[in-house]
Every structure is written in structure tokens, then in C-alpha cells.
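Data first, discussion second: the structure below is written as C-alpha cells.
Values reported hereafter were calculated over all heavy atoms of this structure, with side chains retained and with hydrogens, waters and symmetry mates removed. Remember, it's 1-based here, ligands and their atoms both numbered in the order they're listed.
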Amino acid sequence: MAAAVIYGKAVAAQVRERVAAEVAELTAELGRPPGLATVLVGEDPASAIYVRRKREACEEVGIRSHHHEPDASIGPDELLGLVAELNRDDEVDGILVQLPLPEGLDAPAVVNAIDPDKDVDGLTPVSAGRLARGEPGLVPCTPLGVMELLRSAGVEPAGTETVIVGRSNLVGKPLASLLLGADATVTICHSRTADLAGVCRRAEILIAAAGRPALVGAEMIRPGATVIDVGTNRTEDGLVGDVDFEAALEVAGAITPVPGGVGPMTIAMLLANTALAARVRSASAIGSR
Ligand code: NAP
């Protein structure tokens, strides 16, 4: 029997609806809309498109977008100064510095300068530490989106053998922490894993986040497994994931397509993170009165 296809677009639309309702409440409570600051340094065309989509998505749910577009020639101190200014700005609840930064700028230093309570990308060491320790905090958007997709498909991670292919700070590691927090038994694979196929075949939930087209074939999938394909690879055949989708359909129990699976979730979760940051900041402001 062919696998059920998990469509991210529909789930992302539900998340956006939920966030819009939360934003309307917050706007009434705060007397201003929640705000997301985006910083786009230089003129990388792909980054410009990503940032434009994020800003449009904000406006759609009622989040105010505060956009900054410094020239690629901006100095490191000046860029850190901009981040410090956004950290102090009370109308800014979330800060997103679009990566990669132009050559000569130290991306980790810039990310580390973001106030962790405004870190809606979840990439600062404080956010990563909170997640690793199972403490409340802001979590990277794509892993959050994967968890939301699993929930929407009725897949319960607790007690499952879950395998993640990829160990980046952006996807693999935070996802492992989230799934561990959800009581899955988690294995993380990477480019030095000795028997990738053998490990993947154990998985009841298999998550591919390697950025390698067709890395995961049908023979690597346990019959009936839930397969989440985070991979986004531009090829001559267009946008493809890390999983051989057509072949996997015959073996998996459920699977996300590329495009239209994890992709739409990332921006939806950015909106959710911005609303959460605004909620937490307003609660701590009340607490400190
Ligand atoms: P990354 O930083 O390049 O990390 C890739 C990971 O995959 C690394 O840990 C690497 O292992 C592992 N890997 C590479 N080739 C492998 C192989 N042949 N066998 C086993 N493991 C292998 O990438 P990323 O930022 O995590 O992104 C991963 C993919 O997700 C990319 O396609 C990216 O475009 C996509 N993505 C999509 C979204 C979305 O919104 N849909 C968001 C973020 C990322 P080593 O550590 O050993 O090098």
C-alpha cells in the first residue's frame, strides 16, 4: 500500500491561523503588535527572497516587520551595534539576522550578540543550551516544524526508534533534543556513520537532513516507517529532498514530499516563535514591575 503523504502546506496554514489569533490577543494586551526585526546584509539574491517571504508572512498574521538592510561593506562593530540597538528596542520581540553573512563578517559573533529572549531562530548558544537541558526557550524553526508535522500526522515519538541523518546546529542536533524530550530513542547519523543503511532500517521515524539528493533509498526504510525529508536540494530536475520519494512511497507508512513538506513549516514556526517571544517578554515585564 502506498504511504500516506504528509502535506506541510495545510499544517503550516493551521499554525499561521493559530498565530494570527495569538497576535491579535497580544496586540490588544501590549498596545502594539509583536515585532520581528530582520537584518539582511548585502545583496545575496536568495537571502533577499527568503527575507521578503518572512516579512510578508509577518504582515499576514499581524506581526510588525522592522527591516534593516545594511550595505555589504558594513563593519563588524557597526553590525554588532545594530544588533545591540535591536536588543534594546522594546517594540522588537524577535531578531533574525539572515545567514550567510558576506565575507569578512563573523556570523557566530553576530548571532551570539542577539538577546536569547529575542532569538527567534534559536541559534544562540544560550538557546541551544536551554534546549539541550530541556529548559524552556526558543527553538530553531525547522526542527520545530518537523515536530508539528509529526503531531499533525498523529505520530507519537515516545518509545520509538528514531534516526536522524544530519548533525548540524540548525537541524539535526536541535531535532535530536526535541525528540529526546518527546521520549524517542534517538540515533544521529552523519557522513562518518559506518552502516548508514543498516541504522536507517531500524527507524520507526526516519528524518533525513543531510542535503544529499536521493541519499535515502527504499532499501534503507523500515516498512511502515514515518519518513520526514528535510533536505532541500536544487538539481536539474528541480527541487528535491534527500529521499527517493517515489521508491519510498512503496515502503514507508507516511512521508513528506519535497517541495511542500517541511519547507512551508519553517516560516510558520518563525511566526510562532515571534509570538512566543512577545508573550514571554511581556510576562517578564509584568513580573519585574
Ligand atoms: P549541513 O549543515 O550541511 O549538515 C548536513 C549534515 O548531513 C551533516 O551533519 C553531514 O555530516 C550530514 N551528511 C552529509 N552527507 C552525508 C552522507 N552522505 N551520509 C550521512 N550524513 C551526511 O546542512 P543543514 O543546514 O543541516 O541542512 C540539511 C538539509 O536540510 C539541506 O538540504 C538544507 O537545504 C535543508 N534545510 C531545509 C530547511 C527547510 O526549511 N526545509 C531548513 C534548513 C535546512 P557531517 O557532520 O559528518 O559533515
Side-chain angles (χ1 to χ4, degrees), residues 5-13 15-16 44 46-47 49-54 56-57 96-101 107-108 111 120-123 127-128 131 138-150 152 162-179 186-203 206-217 219-221 227-235 237-245 255-273:
V5 178
I6 305 171
Y7 291 104
K9 217 170 161 186
V11 184
V15 173
R16 285 172 187 235
D44 178 63
S47 294
I49 293 171
Y50 292 143
V51 171
R52 196 187 67 222
R53 285 198 195 131
K54 290 170 187 176
E56 284 169 358
L96 183 153
V97 177
Q98 185 66 38
L99 302 177
L101 291 176
V111 169
V120 285
D121 261 345
L123 293 177
S127 298
L131 177 61
L138 291 161
V139 174
C141 303
T142 302
L144 265 188
V146 170
M147 297 303 286
E148 192 71 34
L149 281 178
L150 290 174
S152 78
T162 292
V163 172
I164 303 169
V165 185
R167 58 174 164 183
S168 70
N169 289 328
L170 184 65
V171 187
K173 282 183 201 154
L175 197 45
S177 294
L178 287 171
L179 285 159
V186 182
T187 303
I188 309 179
C189 300
H190 45 78
S191 64
R192 305 290 299 274
T193 296
D195 177 15
L196 184 65
V199 178
C200 288
R201 262 197 308 275
R202 294 207 311 254
L206 176 61
I207 297 164
R212 297 283 181 273
L215 176 67
V216 177
E219 74 291 352
M220 293 166 72
I221 298 172
V227 180
I228 306 287
D229 192 352
V230 182
T232 311
N233 308 294
R234 285 179 203 288
T235 69
D237 303 328
L239 200 64
V240 301
D242 290 352
V243 179
D244 179 347
F245 182 76
I255 184 167
T256 57
V258 178
V262 175
M265 297 304 296
T266 298
I267 290 185
M269 302 322 290
L270 171 69
L271 304 175
N273 269 353

Which option, [options], owns the non-hydrogen atom nearest [atom]?
{"atom": "atom 15 (N) of ligand 1", "options": "Arg212, Lys173, His190, Met265", "answer": "Arg212"}
{"atom": "atom 44 (C) of ligand 1", "options": "Thr142, Ile267, Val171", "answer": "Val171"}
{"atom": "atom 45 (P) of ligand 1", "options": "Gly172, Ser191, Ser168", "answer": "Ser191"}
{"atom": "atom 41 (N) of ligand 1", "options": "Thr232, Val258, Leu270", "answer": "Thr232"}
{"atom": "atom 5 (C) of ligand 1", "options": "Pro264, Ala210, Pro140", "answer": "Ala210"}
{"atom": "atom 31 (C) of ligand 1", "options": "Gly211, Gly261, Gly8", "answer": "Gly211"}
{"atom": "atom 18 (N) of ligand 1", "options": "Val216, Leu215, Val240, Thr256", "answer": "Leu215"}

Using a 4.5 Å cut-off on heavy atoms from C-beta on, say whether the side chain of [Y] contacts that of [X].
{"X": "Val146", "Y": "Leu178", "answer": "no"}
{"X": "Pro100", "Y": "Ser47", "answer": "yes"}
{"X": "Val15", "Y": "Met269", "answer": "yes"}
{"X": "Ile255", "Y": "Val243", "answer": "yes"}

For ligand 1, which atoms, with element, lie under 4.0 Å from some heavy atom of [X]?
{"X": "Gly263", "value": "41 (N)"}
{"X": "Asn233", "value": "32 (O)"}
{"X": "Val165", "value": "20 (C), 21 (N)"}

Of the protein's non-hydrogen atoms, which lies at the shortest distance from atom 6 (C) of ligand 1, and what is that distance?
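Among all protein heavy atoms, the one nearest atom 6 (C) of ligand 1 is Gly166 CA, 3.6 Å.
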
Do any nitrogen or oxygen atoms of Arg192 come within less than 3.5 Å of a nitrogen or oxygen of ligand 1?
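No; the residue has no nitrogen or oxygen that sits under 3.5 Å from a nitrogen or oxygen of the ligand.
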
Do side-chain atoms of Asp242 reach the backbone of Asp229 as a donor and acceptor pair under 3.5 angstrom?
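Not a single qualifying donor-acceptor pair exists.
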
